[in-house]
Structures are given as C-alpha cells and as structure tokens.
Amino acid sequence: MTEFLSLRDAIAAYVHDSSTVALEGFTHLIPFAAGHEIIRQQKRDLTLIRMTPDLIYDQLIGMGCVRKLVFSWGGNPGVGSLHRFRDAVENGWPHPLEIEEHSHAAMANAYAAGAAGLPCAIFRGYAGSDLVGVNSSIRFITCPFTGEQLAAVPAITPDLAIIHAQRADKSGNVLIEGITGVQKEVVLAAKRAVVTVEELVEDLRAPSSNSTVLPHWTVNAIVEAPGGARPSYAHGYYRRDNAFYTDWDTIARDRSTFQLWMQEHVLDSHHPVKFAG
Amino acid sequence: MSYSTTEMMAVAAARALANEDICFVGIGTPSLACNLARLMHAPEITLIYESGTIETKPDVLPLSIGDPELCETALTTVSVPEMFQYWLQGGRISVGFLGGAQLDKFANINSSVIGNYERPKVRLPGGGGAPEIAASCNQTFVVMAQSRRTFVERVDFITSFGFGEGGDHRQRLGIRTQGPTLVITDLCLMRPDPPTKELVVVSMHEGISREEITQKTGWPVRFSESLAQTLPPSENELKVLRDLQTRTNRAHGGK
C-alpha cells in the first residue's frame, strides 16, 4: 500500500541515520523540499548517491548530514564549483567527506542494472581514465563472445530513493514528464521509494500511452509538496530559477554566509523555500 | 569590429561544425558554438545534450545541461541511461565537445583534481559525461582558454583520455574513435600531429604572436609548417552571436 504522508512524517519514517539515500534529478525535478526536511531533522552519516549533486547536496554536505558521496559531476551547472562540497573534500569542514567518483555513463548504467535486478552494469567506458585507479568499484571484464574488454561497476541499489514528480493520483501512481533523468531507474533500483509531487489529482492525465508512469506498487510513500523542486524546475509547472543558481555561488562560498542562509531559509522555516521566478 | 576572446573561440568552434554533424554539446562555450553554427551555416545540425534532449533548437542558451528550453525545443527527450547507452555508446555521435581545468600535449584532460587525488589542492566538479564522450564520439573538439597553468606537460589526473602517451596508445586500449582532432583556445587552433599525436599549433588568431603562444604553453609547443592565420569573426558572426547572448541574458534574469 502506498502511504500518503506529510513531508515531515515521510522523512522521519523513511530516512534513517547511516543509510544510503539517492535524491535524484538531472537538473530537472530536483527534490529540494525533501532535502531541506532531511536537514531540519538533522539526519546524520548518510551515504548520498547522485549523478549530479548540485545545490541541495551542497547544503546537505555543509550542514553535516553526509558521510560519503557517490557521484559523477559535482558542480553548480553553468556557474562553477560547489563550495560546501569543496570545503568538505579539501578541508574536512564540517567533517571529512568520503567520495566515490564515477562517470555519468557508469552511474546511469549502474542505476539501470539496479532496476533490472542485476549485480553489475557492463558498458564501454573508462578507457584510459585515472578514475580506474582511485575507485575500486571500477573493474573490467572480457566479453565471452567477442573478447572485447568492457567496464563493469556494481549495480546501485540504495536503501531509499527520493524523487520529485509532477503529479500522483489517489492510488499513488506517479507521472514524470520532461527530462526524466534516471528517476524511473532509481525508484526501481532502491529498496524503498518516496515521491514528492506538485499535486495530487483524481486522474493522472498521462498525455500518451508511452508516458513515464511509476505504478503505485513501486512507490512506498507519496508527499504533496507544491514547489518542492524549486529553485530547479518542474516541466509544465514552473521555470528554473537560474538567477538563484548564480547567487548560490556567493552564498555558499563563505561558511558563515552559508550558515546564516540555511538558518533563515531552511532551519527556521517549515514552508518550502521561496525563490524568485 | 572588436570582439572578445570567448567570441573568437565560439566562432572558431562553430566554423569547424557541418550541417551533417550530430553533436554532443556541453554547456558554456561549446553550447554557444553549436548554436551559432545552427544559426549560421549549419541549420540542419543535430544538437544533443546529455540530459536526454535530441535535436534541440534552443532560442536562448541553457545555463545548465537540462534547462527547460532544451526539452521544450527538442524533437524528443529520452532518459539519461538511454542517452548514454543507445546514443553515445551506440556510436551515433559525430562530434563531442570537451573542456577541463588542465590539458596536456597529448590532449588528455583533467577535470577532477588539482594536486593529489586523496588530498587535493582544488577539488573540481569531476568528469560527468566526459570519460565516455572522449572515447565514444567519432571525434572530439576541446575548447579551453590557454595559459601555462591550464596547458601543462602532464595533467595531474587523466579524467578523460586523449592520446595517452601519444602514438597508437588509443588503439592499444581498444578505442576505435579518432579522439581529439581539434583544440580551440583563445590564442590559436591546435591539431594532433599524425604519427606522434602531439598537439601542434596550426592556426594563430588575429594579433597573437608565436612568442605569446609559446609563453602560455606548459610544454615546448611546436608550430605547423603550414601555419595559418585564423580569420577574425565576421560582422555577421558577431551579430548572430551577440543577439543570442542578449536573448540569453534577458531570459536568465538580466544577469
């Protein structure tokens, strides 16, 4: 049975200290509201997985929720570095961060393998890259048919997947539109899944027979969280707040500016962060 | 008409693209270059962004690799696993764009760390799609501003493999694609010397001297015997480029 919970109850029930959590979203539909609730509930020692850790992971790292990060590109898209991520890796602030670095192709394949119930993903990758020497999860196998050497990485099977989607119906079926990233794969790969949505509706109104729909029995909990992806965007609902992404560079560069911003906009506020746009 | 070094780089990269090309586009200057080509001499060029958008025709440049503009103007949008499995790994891309913090004389690229990997001086964002773009696209173009700090004898870390130690190193690793065939900098164009694969200067931009290029390259850089002069951006190229930039700035909140 899919549960319908408040954001606070869903995070309290599903996110446990020291567990492995993937809050996915490839620049689109990033589950910011869920990430902020994890910060408010002061979850600790999380292993976070994400292809493109961006501002919400920068915030989770800077607020001390994260022990290890598995990722393939950790930056502020089109702007530059994630300063809290850098500070954690370079200076161990607020505490040291263990990293496991991959390429996009590896992580996308590893999620797909997780969804498919396979132990590992096989693909043509990492040729000549020094990532092979610093990440023991990257191995090579020989194709039994052609003899070609192919890269292999373990399937990603997080304890919990959290994604944001456009809408869910009263049964808990979920519709995702636009850039769908690896969201379908992460939900199917994870042991449990929580989905925050822009709106709960009577009828899903899937626009095509081929729309990306997650059946309710693949999702453990649904949370109605309008604006829950801001300052990223929800295709068909609101635009990406590119100006905020640019502003984040200044906010996050300095530890105290960062902490003040988090205090005012996340810790002291139980409503979704208001962003322009 | 005066122009910036970024404009020169974008124009030079755009000119290297053809109508038939299927491009894997990165954000920043590559995105500027690919869309300039589409608005100028290559109206049918296919632009693909790794977020899954195929045949996208953005009116304004995206800030991120997955801006709504890309999806809304695309022929179709596929999932990220499909993008990397069927479209990139499947060998359907003719040109991929790469950049990074460091590049060496064999066009290996570092976008991971400056200094030691375990205790880096600077932790960079990482490779993202680059390690497989470098191997799976038929050829790659590298776009980077040139300095002694960025164009180095040996990169601190090979995130994306170029020609390794030169010669047939790609073939020895089983890589079947051409690799980096063109490096576009703010000073010049470089191409790999056919047998050794060492990058040599093949064209110098307007107003740039050999001395400046030598001084801003971290290895003893060689110049082609048939060294050319890069044509400066035309008035029309600059007009189209600047119109695109103006539309983009307006769309991104006036910054």
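By convention in this document, chain letters (A, B, ...) are assigned in the order of the sequence lines, proteins followed by strands, and residues within each chain are numbered from 1. All figures in this text were calculated on a predicted structure; none of them were measured in a lab.
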task: Sort A:Q183 into side chain, backbone, both or neither according to what part of it lies under 4.5 angstrom from a heavy atom of chain B.
output: neither
Contact origin within A:A112 toward chain B - heavy atom pairs under 4.5 Å: side chain
message: Report which part of B:F157 has an atom under 4.5 Å of a heavy atom belonging to chain A: side chain, backbone, both, or neither.
response: both
- prompt: Which heavy-atom pair separates B:T77 from A:G178 by the least distance, and what is that distance?
  reply: CG2-O, 3.7 Å
query: Charged N to carboxylate O under 4.0 angstrom, B:E82 versus A:K184?
result: no
- request: Output the residues of residues 62-71 of chain B for which the shortest heavy-atom distance to chain A is under 4.5 Å, in residue-number order; output 'none' if no such residue exists.
  value: B:L63, B:S64, B:I65, B:G66, B:D67, B:P68, B:E69, B:C71
message: If you count heavy-atom pairs within less than 4.5 Å of chain A, which of B:M83, B:R170, B:Q85 leads?
response: B:Q85
B:I133 CD1 to A:H104 NE2 distance, which is reported to the nearest 0.5 Å: 8.0 Å
message: Could you tell me if A:Y126 and B:E132 have a donor-acceptor pair between their side chains, going purely by distance under 3.5 Å?
response: no
message: So, taking the atom named CG in A:L82 and the one named CZ in B:R123, what distance separates them when rounded to the nearest 0.5 Å?
response: 10.5 Å
task: Identify the two heavy atoms, one from A:F71 and one from B:P125, that lie closest to each other, and give their separation to 0.1 Å.
output: CE1-O, 3.5 Å
Contact class of B:S79 relative to chain A, heavy atoms under 4.5 angstrom: both
Closest contact, heavy atoms only, A:E90 versus B:R119: O-NH2, 4.3 Å
query: Do you know which two heavy atoms are closest between B:G127 and A:W73, and how far apart they sit?
result: C-CD1, 4.1 Å
statement: Applying a strict 4.5 Å limit to non-hydrogen atoms, the region of B:E50 in contact with chain A is both
- request: Using non-hydrogen atoms and a 4.5 Å limit, figure out which bit of B:R172 sits close to chain A: side chain, backbone, both or neither.
  value: neither
message: Measuring from atom CG of B:L88 to atom CZ of A:F123, what distance do you get when rounded to the nearest 0.5 angstrom?
response: 11.0 Å
message: Using a 4.5 angstrom heavy-atom cutoff, name the option from B:N108, B:T53, B:V80 with the most pairs to chain A.
response: B:V80
- prompt: Which atoms form the tightest heavy-atom contact between B:I158 and A:S129, and what is the distance?
  reply: O-OG, 3.4 Å
task: Answer yes or no: is there a side-chain heavy-atom contact under 4.5 Å between B:P131 and A:L131?
output: yes
message: Applying side-chain contact (heavy atoms from CB on, under 4.5 Å) to A:I99 and B:Y117, what does each step give before you reach the verdict?
response: CA-CA 11 Å; A:I99 60 168; B:Y117 187 83; 3.7 Å; yes
field: Portion of B:P81 that has a non-hydrogen atom of chain A nearer than 4.5 angstrom
entry: both
query: Can you tell me how far the CZ atom of B:F84 sits from the CE atom of A:M107, to the nearest 0.5 Å?
result: 11.5 Å
query: Do you know which of B:G28, B:S112, B:G174, B:G52 has the most heavy-atom pairs under 4.5 Å to chain A?
result: B:S112
query: Can you name the nearest heavy-atom pair linking A:I179 to B:S51, along with the distance?
result: CG2-O, 3.4 Å
field: Toward chain A, the part of B:V113 with a non-hydrogen atom under 4.5 Å
entry: neither
- prompt: Within the side chain of A:S103, is there an N or O that forms a donor-acceptor pair under 3.5 Å with the backbone of B:G128?
  reply: no
message: Checking A:R124 against B:R176 for the side-chain contact (heavy atoms from CB on, under 4.5 Å) test, could you report, in this order, the C-alpha distance in whole Å, the side-chain angles of both residues, the deciding distance, and whether it holds?
response: CA-CA 11 Å; A:R124 192 178 289 126; B:R176 289 169 281 193; 3.1 Å; yes
